[in-house]
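In listed order, ligands and their atoms are each counted from 1.
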Amino acid sequence: MDSNIAIAPGVQSPISGPESKAMTHFLRSKHDAIMIGVGTATADNPSLNCRLEGVGGYGGEGLEGQPRPIIIDPQGRWDFNWTSKVIVLAKEGRGKGPFIITLQEPPEWKKKPLEAVGGKYIVCMRGWRDQSKPEPNTHLQWMDMFSALREEGIKSIMIEGGGSVINELLNQRNFGSVNSVIVTVAPMWMGKGGVQVCPEARRENAEKVPMARLRDVKWVPLGEDVVLCGRPKLH
Ligand SMILES: NC(=O)C1=CN([C@@H]2O[C@H](COP(=O)(O)OP(=O)(O)OC[C@H]3O[C@@H](n4cnc5c(N)ncnc54)[C@H](OP(=O)(O)O)[C@@H]3O)[C@@H](O)[C@H]2O)C=CC1
Ligand SMILES: Nc1nc(O)c(N)c(N[C@@H]2O[C@H](COP(=O)(O)O)[C@@H](O)[C@H]2O)n1
C-alpha cells in the first residue's frame with residue numbers, strides 16, 4: 001500500500017497472496033516473455049516460469065504456455081550458474097532458457113550454461129553514450145531492446161520489475177510504449193527504506209504536473225489483495 005515492492009534493496013519480499021499470485025502466473029502464460037532487471041535477478045534468484053497446472057512442464061505439452069525469461073544486464077553482472085533456478089528449470093523442461101540483454105559480447109564460459117538450456121545473450125550494441133560524461137553510459141533504450149526481441153519472435157512482454165525498471169517505464173519518455181499496467185495491492189505497508197515504485201516527477205515550465213493516469217481502469221479483488229488494471233493515458 002506504500003508502493004514498496006521489496007522491504008529493502010536486494011531483498012525478496014513475498015507480498016501477493018495466493019489468488020493474485022495465481023493471476024500473475026496466468027499472465028505469465030499469456031506472454032511470449034517475462035522481463036526483469038539484473039537487480040531482481042540478483043536479489044531473488046527467480047524461477048520466472050509459469051507453474052499453473054496444464055502448461056508445458058506441468059502436465060502440458062513441451063513448453064507450451066511458458067514465457068521466455070529476459071534479464072536486462074547491460075554490464076554482465078548477473079552471476080548465474082548451473083544452480084540458478086531459471087537454469088535448473090530450463091534444464092528440467094519446466095521453463096525456457098533465459099535471454100540476457102547485454103551491451104558487450106560475454107566470455108565463452110558465461111555463454112555455456114545459457115546455451116546448454118536454450119538461452120542466449122542478446123548483445124544490444126546501441127547503448128546510449130553521454131559524451132559529456134567520462135564514464136561509459138550503460139543505459140539501453142527501451143525501443144532498441146523491444147526491437148531486438150521482436151527479431152527473436154517475441155511479440156508480447158510482461159515486465160515484472162524491479163523498482164528501477166518500472167520507474168523508468170513509468171517515465172513520460174517511455175510510458176507511451178506500455179500497453180497496460182497491472183498492479184497487485186496487498187493489505188500491508190513495508191515502511192520507508194524499501195524498493196519503491198515512484199517515477200520521476202514531471203515538470204512543465206518548471207511547474208510540477210501529474211505524470212500520467214490510467215484509463216479503462218478496473219479494480220479486481222482477489223483474495224485479500226486487489227488488482228488494478230488500466231491503460232496508460234499520458235497528460
Ligand atoms: N514485489 C514485486 O512484484 C517485485 C519486486 N521486485 C524487487 O525489486 C528489487 C530489485 O529492484 P531494483 O534493485 O530496482 O533492480 P531492477 O530489477 O529494476 O534492475 C535494475 C538494473 O537493471 C539494469 N537496467 C534496468 N533498466 C535498464 C536500461 N534501460 N538500460 C540498461 N540497464 C538497465 C541496470 O543494471 P546496471 O546497474 O548493471 O546497469 C539497473 O541497475 C528486488 O528487491 C526485488 O525483490 C522485483 C520485481 C517484482
Ligand atoms: N506477483 C508478485 N508478488 C510478489 O509478492 C512478488 N514478490 C513478486 N515478485 C516477482 O516474481 C519473481 C519471483 O518469481 P518466481 O516465483 O521465482 O517465479 C520475482 O523475481 C519478482 O519479479 N511478484
Side-chain angles (χ1 to χ4, degrees), residues 1-29 34-52 55 57-58 66-67 69-79 84-90 94-96 98 100-104 122-124 126-130 135-146 148 158-171 173-174 177 181-188 190 193-199 222-225 227-228:
M1 288 197 293
D2 50 8
S3 201
N4 281 304
I5 59 167
I7 195 144
V11 178
Q12 184 174 32
S13 312
I15 300 171
S16 309
E19 295 87 353
S20 58
K21 198 73 200 260
M23 181 238 18
T24 300
H25 277 258
F26 175 76
L27 289 176
R28 286 182 177 187
S29 77
I34 169 171
M35 184 184 247
I36 55 165
V38 59
T40 299
T42 303
D44 292 2
N45 184 20
S47 299
L48 300 180
N49 67 344
C50 173
R51 302 190 285 279
L52 294 181
V55 299
Y58 295 81
Q66 289 294 352
I70 315 269
I71 293 102
I72 312 171
D73 186 12
Q75 308 181 71
R77 63 185 177 89
W78 184 33
D79 192 17
S84 303
K85 281 187 193 165
V86 72
I87 303 285
V88 171
L89 286 163
R94 291 192 284 148
K96 288 187 175 160
I100 303 177
I101 303 184
T102 190
L103 264 174
Q104 279 175 7
I122 296 177
V123 183
C124 228
R126 297 205 302 177
W128 178 72
R129 207 174 186 120
D130 183 347
E135 71 276 11
N137 194 308
T138 57
H139 207 80
L140 286 160
Q141 301 299 306
W142 287 95
M143 288 321 287
D144 288 347
M145 289 192 262
F146 296 153
M158 171 172 167
I159 302 177
E160 272 203 7
S164 314
V165 164
I166 302 290
N167 286 336
E168 208 180 290
L169 280 167
L170 290 175
N171 190 292
R173 266 195 323 272
N174 303 314
S177 56
V181 176
I182 299 182
V183 182
T184 299
V185 182
M188 66 194 293
M190 297 286 217
V195 176
Q196 205 177 25
V197 171
C198 187
L222 281 180
E224 293 192 338
D225 302 340
V227 175
L228 162 65

Just to be sure I read this right, does ligand 1 sit under 4.0 Å from the backbone of [X], its side chain, both, or neither, counting only heavy atoms?
| X | answer |
| --- | --- |
| Ile15 | side chain |
| Val11 | backbone |
| Glu160 | backbone |
| Ala6 | side chain |

Specify the protein heavy atom at minimum distance from [atom]: its residue, its atom name, and the distance to 0.1 Å.
| atom | result |
| --- | --- |
| atom 17 (O) of ligand 1 | Thr40 OG1, 2.6 Å |
| atom 38 (O) of ligand 1 | Arg77 NE, 2.6 Å |
| atom 18 (O) of ligand 2 | Arg28 NH1, 2.8 Å |
| atom 19 (C) of ligand 2 | Asp44 OD2, 3.0 Å |
| atom 17 (O) of ligand 2 | Ser47 N, 2.8 Å |
| atom 16 (P) of ligand 1 | Gly162 N, 3.5 Å |
| atom 30 (N) of ligand 1 | Leu140 N, 2.7 Å |
| atom 15 (O) of ligand 1 | Gly39 CA, 3.4 Å |
| atom 32 (N) of ligand 1 | Pro74 CG, 3.2 Å |
| atom 39 (O) of ligand 1 | Gln75 NE2, 2.9 Å |
| atom 24 (N) of ligand 1 | Ile72 CG2, 4.0 Å |

Considering only heavy atoms of [X], which atoms of ligand 1 have at least one such atom less than 4.0 Å away?
| X | answer |
| --- | --- |
| Trp142 | 29 (N) |
| Thr138 | 31 (C), 39 (O) |
| Ser164 | 12 (P), 14 (O), 18 (O), 20 (C) |
| Gly161 | 17 (O), 47 (C) |
| Gln12 | 45 (O) |
| Asp44 | 44 (C), 45 (O) |

For [atom], which of the options [options] provides the nearest non-hydrogen atom?
| atom | options | result |
| --- | --- | --- |
| atom 21 (C) of ligand 2 | Met158, Lys21, Glu160, Met188 | Glu160 |
| atom 5 (O) of ligand 2 | Thr42, Ile15, Ile36 | Ile15 |
| atom 1 (N) of ligand 1 | Val38, Ile5, Leu169 | Ile5 |
| atom 2 (C) of ligand 2 | Ala41, Gly17, Ser16, Pro69 | Ser16 |

Under a 4.0 angstrom heavy-atom cut-off, which atoms of ligand 2 come close to [X]?
| X | result |
| --- | --- |
| Pro14 | 5 (O) |
| Thr24 | 1 (N) |
| Pro46 | 13 (C), 17 (O), 20 (O) |

Which bit of [X] is near ligand 2, meaning a heavy atom under 4.0 Å away: side chain, backbone, both or neither?
| X | result |
| --- | --- |
| Arg51 | side chain |
| Ile5 | neither |
| Ser13 | backbone |

Legend entry - side chain to side chain contact (heavy atoms under 4.5 Å, CB included) assessment of Leu140 paired with Leu103: CA-CA 8 Å; Leu140 286 160; Leu103 264 174; 3.8 Å; yes
Below 3.5 Å, N or O to N or O, backbone or side chain included: is there any such pair between [X] and ligand 1?
| X | answer |
| --- | --- |
| Gly163 | yes |
| Asp73 | no |
| Pro9 | no |

Legend entry - Any N or O of Thr40 closer than 3.5 Å to N or O of ligand 2: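 The answer is no, given that Thr40 and ligand 2 share no N or O pair closer than 3.5 Å.
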Please table the atom pairs, donor to acceptor, closer than 3.5 Å between any side-chain atom in residues 12-20 and protein atoms at least two apart or in another chain.
unit_1 : atom_1 : unit_2 : atom_2 : d
Ser13  : OG     : Ile7   : N      : 2.9
Ser13  : OG     : Val11  : O      : 3.3
Ser20  : OG     : Gly17  : N      : 3.4
Ser20  : OG     : Gly17  : O      : 3.3
Ser20  : OG     : Asp225 : OD2    : 2.6

Legend entry - atom 3 (O) of ligand 1 protein-contacted (non-hydrogen atom, under 4.0 angstrom):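 Within 4.0 Å: no protein heavy atom nearby.
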Legend entry - Non-hydrogen atom of Met145 closer than 4.0 Å to ligand 1: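 The answer is yes: ligand 1 sits under 4.0 Å from a heavy atom of Met145.
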Inset, instruction - Determine, using heavy atoms of Ile36 and all atoms of ligand 1, whether some pair is separated by less than 4.0 Å. - result: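 The answer is no: ligand 1 sits nowhere under 4.0 Å from a heavy atom of Ile36.
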Legend entry - Which residues share a ring pair (Phe, Tyr, Trp, His ring centres under 6.0 Å) with Phe146, sequence neighbours left out: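 Only Trp142 meet the ring pair (Phe, Tyr, Trp, His ring centres under 6.0 Å) criterion with Phe146.
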Inset, instruction - Identify the heavy atoms of His25 and Asn49 that sit nearest to each other, and give their distance. - result: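 Distance-wise, the nearest heavy atoms are CE1-O, 3.4 Å.
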